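Source: prediction; values computed, not measured.
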Amino acid sequence: MFYGVDLNSRLMLGTAQYPSPQVLRDAITASGAEVITVSLRREGPEGAGFRDILRDSGCRILPNTAGCHSVREAVTTAHMARELFGTTWIKLEVIGHADTLQPDPFALVEAARILCVDGFEVFPYTTEDLIVGEKLIEAGCRVLMPWGAPIGSGQGLRHVEALRTMRAHFASVPLVVDAGIGAPSQAMLAMEMGFDAVLLNTAVARALDPVTMARAFGQAVAAGQAACQAGLMPRRDMAQASTPIFGMAELA
């Protein structure tokens, strides 16, 4: 549950870089996603038509502050997004490193505090750092969005153990793996680890067949969530026969 909203699909889908508006429409439908992200920077001459696609999708819109590098820029963009899309939800990005697009933890926490006071429901894009996570919760965030890997890299879950630690540390906080997911198997792993959702864009938008890939991601996220709920078997250091020796016939 994210800010009181319960979702059936735990796949959140980005809306940038698709080859055509129709492919975007079809990919959203095929994915089964109930939340789609959009940046104000995506708005251009075709902006009104793009907003029609978002509205017609029936999905909840999660605007983001993509490309912002300062507190002031992120806060201003968030206020513009709230006015344009009529939602208090905001995915907060404050980029601190040009090459890795790693978030600036200090600016991120400051911007989150301002936006929470201003009535926003903030989804902060962060790293797997536990201290930064604690500061974001103290600032008023009720969701954390740690990266799997740098945005658009397709590297998957680069620091699996750190993400496991974060999941255990913030046991009661909704966590969404955001960025770096390149294959459905990577999204499934995140869900098997107990994360609440996965957000991705490039892996679908840049696929040879975005619609089929969107469907594959939707299925993978659902399978991973089901596996986590069912309870994965514990890992063992030694083999253990699935067929017990007791009761087997002695062939001598």
Kindly indicate whether the side chain of Phe120, heavy atoms from C-beta on, has any atom under 4.5 Å from the side chain of His79.
yes

Fit a plane to each ring of Tyr3 and Trp89, take the angle between them on a 0 to 90° scale, and name the class: parallel (under 30°), tilted (30 to 60°) or perpendicular (over 60°).
tilted

Within the distance-only criterion (no hydrogens, no angle test), does the side chain of Ser153 pair as donor or acceptor with the backbone N or O of Ala149 below 3.5 angstrom?
no

Please give me the minimum heavy-atom distance between Thr202 and Gly152, naming the atom from each residue.
OG1-CA, 4.0 Å

I need the Cys116 SG to Leu136 CG distance, nearest 0.5 Å.
8.5 Å

Looking at Phe2, is Arg142 sitting on its ring face, NZ or CZ under 6.0 Å from the six-membered ring centre and within 45 degrees of the normal?
no

Evaluate the criterion side chain to side chain contact (heavy atoms under 4.5 Å, CB included) for residue pair Thr88 and Arg82; output intermediate values, then yes/no.
CA-CA 6 Å; Thr88 55; Arg82 180 165 65 179; 4.3 Å; yes

Assess the side chains of Thr100 and His97: does a donor N or O sit below 3.5 Å from an acceptor N or O?
yes

Is any side-chain heavy atom of Pro105 less than 4.5 Å from a side-chain heavy atom of Thr126?
no

Same hydrophobic cluster for Met145 and Leu130, using side-chain heavy-atom links shorter than 4.5 Å among ILVMFWY?
yes

Find the distance between CG (Asn201) and CD1 (Ile181) and round it off to the nearest 0.5 Å.
13.0 Å

Within a strict 4.5 Å, meaning less than it, do heavy atoms of the Leu92 and Phe123 side chains meet?
no

What's the separation between atom OG in Ser57 and atom CG in Leu13, rounded to the nearest 0.5 Å?
10.0 Å

Which distance, rounded to the nearest 0.5 Å, do you find between the CE of Met166 and the CD of Glu128?
7.5 Å

Please report the closest heavy-atom contact between Phe217 and Gly182, naming both atoms and the distance.
CZ-C, 4.0 Å

d(Met191 CE, Leu11 CG) to nearest 0.5 Å is 9.0 Å

Taking every heavy atom of Leu163 against every heavy atom of Phe195, the minimum-distance pair comes out as O-CZ, 3.4 Å

Counting N and O atoms only, with roles assigned by atom type, does the side chain of Thr15 sit under 3.5 Å from a partner on the main chain of Thr37, one being a donor and the other an acceptor?
yes

Hydrophobic cluster mates of Trp147, side-chain heavy atoms under 4.5 angstrom, ILVMFWY only, any path?
Ile95, Leu101, Tyr125, Ile151

Is it the case that the side chain of Gln186 and the backbone of Ala183 share a donor-acceptor pair, with hydrogens and angles ignored and the cut-off at 3.5 Å?
yes

Can you name the nearest heavy-atom pair linking Val94 to Ala107, along with the distance?
CG1-CB, 3.6 Å

Of all the heavy-atom pairs spanning Ala205 and Ala16, show the shortest one and how long it is.
CB-O, 3.3 Å

Is a side-chain donor or acceptor of Glu34 paired with a backbone partner of Asn8 at a separation under 3.5 angstrom?
yes

Okay, side chain of Thr76, backbone of Glu73: is any donor-acceptor separation there less than 3.5 Å?
no

side-chain contact (heavy atoms from CB on, under 4.5 Å) with Ile28: of Ile36, Val23, Val211, only one passes, and it is Ile36

Group every Ile, Leu, Val, Met, Phe, Trp and Tyr by side-chain heavy-atom contacts under 4.5 Å, then state whether Met188 and Leu7 land in the same group.
no

Look at the side chain of Glu110 and the backbone N and O of Phe106, then say whether any donor-acceptor pair between them is shorter than 3.5 Å.
no

Any side-chain heavy atom of Asp196 within less than 4.5 Å of one from Arg10?
yes

Do Leu157 and Val160 come close enough that some side-chain heavy atom pair is under 4.5 Å?
yes

Are Ile90 and Thr77 side-chain neighbours, meaning at least one heavy-atom pair lies under 4.5 Å?
no

Taken to the nearest 0.5 Å, the spacing of Leu108 CG from Thr127 OG1 works out to 9.0 Å

State, yes or no, whether a side-chain contact exists between Ile137 and Val173 at a heavy-atom distance under 4.5 Å.
yes

Please determine whether side chain to side chain contact (heavy atoms under 4.5 Å, CB included) holds for the pair Leu200 and Val198, giving the CA-CA distance in whole Å, both sets of side-chain angles, and the decisive distance to 0.1 Å.
CA-CA 7 Å; Leu200 55 94; Val198 171; 3.9 Å; yes

Pairs flagged by salt bridge (charged side-chain N to carboxylate O under 4.0 Å, His left out) wherever residues 83-104 is involved - sequence neighbours left out
Lys91-Glu93, Lys91-Asp178

If you define the side chain from C-beta out and look only at heavy atoms, does anything of Cys59 sit under 4.5 Å from Val35?
no

Just by modelled atom types, is the Gly58 backbone N or O under 3.5 Å from a matching donor or acceptor in the Arg55 side chain?
no

Residues Asp209, Arg215: salt bridge by 4.0 Å N-O rule
no

When every non-hydrogen atom of Gln155 is compared with those of Pro150, the smallest separation belongs to OE1-CD, 4.3 Å

